[in-house]
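These values consider heavy atoms only, across backbone and side chains, with no hydrogens, waters or symmetry-generated copies.
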Amino acid sequence: MGKKIKQMRLRTKKTQQQVADECGISKSLLSKIENGQTASAIATLSKISEVLHVPLSWLLDDHDDRDLVLLPHGERQFKVGDENMGYSYELLANRSRFTGIEPTIVHVTPRDMNVRQEAYTHSQDEFIYILEGKIQLLYGESKHHMEQGDSAFFKGNKSHLFIPVNNEPARVLTIFIDNHL
């Protein structure tokens, strides 16, 4: 992971000091992360990935970039996240930081277990397809009922949230699209 961070930092022509300043960390810590001398909190890695304009999952993935990605179900990272906060997800094929897309399956927690109320925003556009179950898509001030087979495309910089409709889990194919690459 440290090698990937250094590679992207050099590719973006930024110094360690510049990246450290933008992330709010010390240059020394960034150097140790790049050289594999220390592990880092996900929050710090998330800041680094944002500054370097790469998906966090690309940093965490230990595979090299390649043209073809085959990812058997048994080898996928399954249910990354916190079900008590409303969702968990599995990464489907994010192996290349250059593709600009990040396909995932979002597992929406059943209503009685879901404590998430704050909507999300992020820089990527988002396409969703309901694989299973039902949700309410809160988008800005409006709610949209969605069920199996429904799809939507929206800007991620507008507040949004998947709200469970009932106590049945829902699975949503979600493709994050980074238009900044």
Hey, does the side chain of [X] reach the backbone of [Y] with a donor-acceptor pair shorter than 3.5 angstrom?
X      : Y      : answer
Arg111 : Asn167 : no
His145 : Lys143 : no
Asn35  : Gln37  : no

Could you state the interatomic distance from [atom1] ([X]) to [atom2] ([Y]), rounded to the nearest 0.5 Å?
X      : Y      : atom1 : atom2 : result
Lys134 : Ile163 : NZ    : CD1   : 15.5 Å
Gln16  : Ser28  : CD    : OG    : 9.0 Å
Ile48  : Ile25  : CD1   : CD1   : 4.5 Å
Leu52  : Leu10  : CG    : CG    : 10.0 Å
Glu50  : Leu45  : CD    : CG    : 13.0 Å
Lys4   : Gln7   : NZ    : CD    : 8.5 Å

**OP:** Check side chain to side chain contact (heavy atoms under 4.5 Å, CB included) between Lys14 and all other residues, then give those that pass, not counting sequence neighbours.
**Re:** Arg9, Thr12, Gln18, Val19, Glu22, Val51

**OP:** Could you list the residues that satisfy side chain to side chain contact (heavy atoms under 4.5 Å, CB included) with Asp150, not counting sequence neighbours?
**Re:** Ile130, Met146, Glu147

May I ask you to test the [X]-[Y] pair for a side-chain heavy-atom distance under 4.5 Å?
X      : Y      : result
Phe153 : Asp125 : yes
Glu126 : Thr174 : yes
Pro110 : Pro164 : no
His160 : Phe154 : yes
Leu137 : Phe162 : yes

Original post:
For the residue pair Tyr129 and Gly149, what are the closest heavy atoms and their distance?
Top reply: CE1-O, 3.4 Å

**OP:** Kindly write out the residues that satisfy ring pair (Phe, Tyr, Trp, His ring centres under 6.0 Å) with Phe176, not counting sequence neighbours, or none if the list is empty.
**Re:** His122

Does [X] share a hydrophobic cluster with [Y], counting links as ILVMFWY side-chain heavy atoms below 4.5 Å and allowing steps through other members?
X      : Y      : value
Ile135 : Leu138 : yes
Val165 : Met113 : no
Ile175 : Leu131 : yes

Original post:
Below 4.0 angstrom, N of the basic side chain to O of the carboxylate: do Lys6 and Glu34 qualify?
Top reply: no

**OP:** Please report the C-alpha distance between Val106 and Leu173 in whole Å, then the side-chain angles of each, then the deciding distance to 0.1 Å, and finally whether the side chain to side chain contact (heavy atoms under 4.5 Å, CB included) criterion is met.
**Re:** CA-CA 6 Å; Val106 175; Leu173 173 64; over 6 Å; no

**OP:** Would you sort out whether Tyr139 and His144 count as a ring pair (Phe, Tyr, Trp, His ring centres under 6.0 Å), showing the intermediate values?
**Re:** CA-CA 8 Å; Tyr139 186 68; His144 306 276; 7.3 Å; no

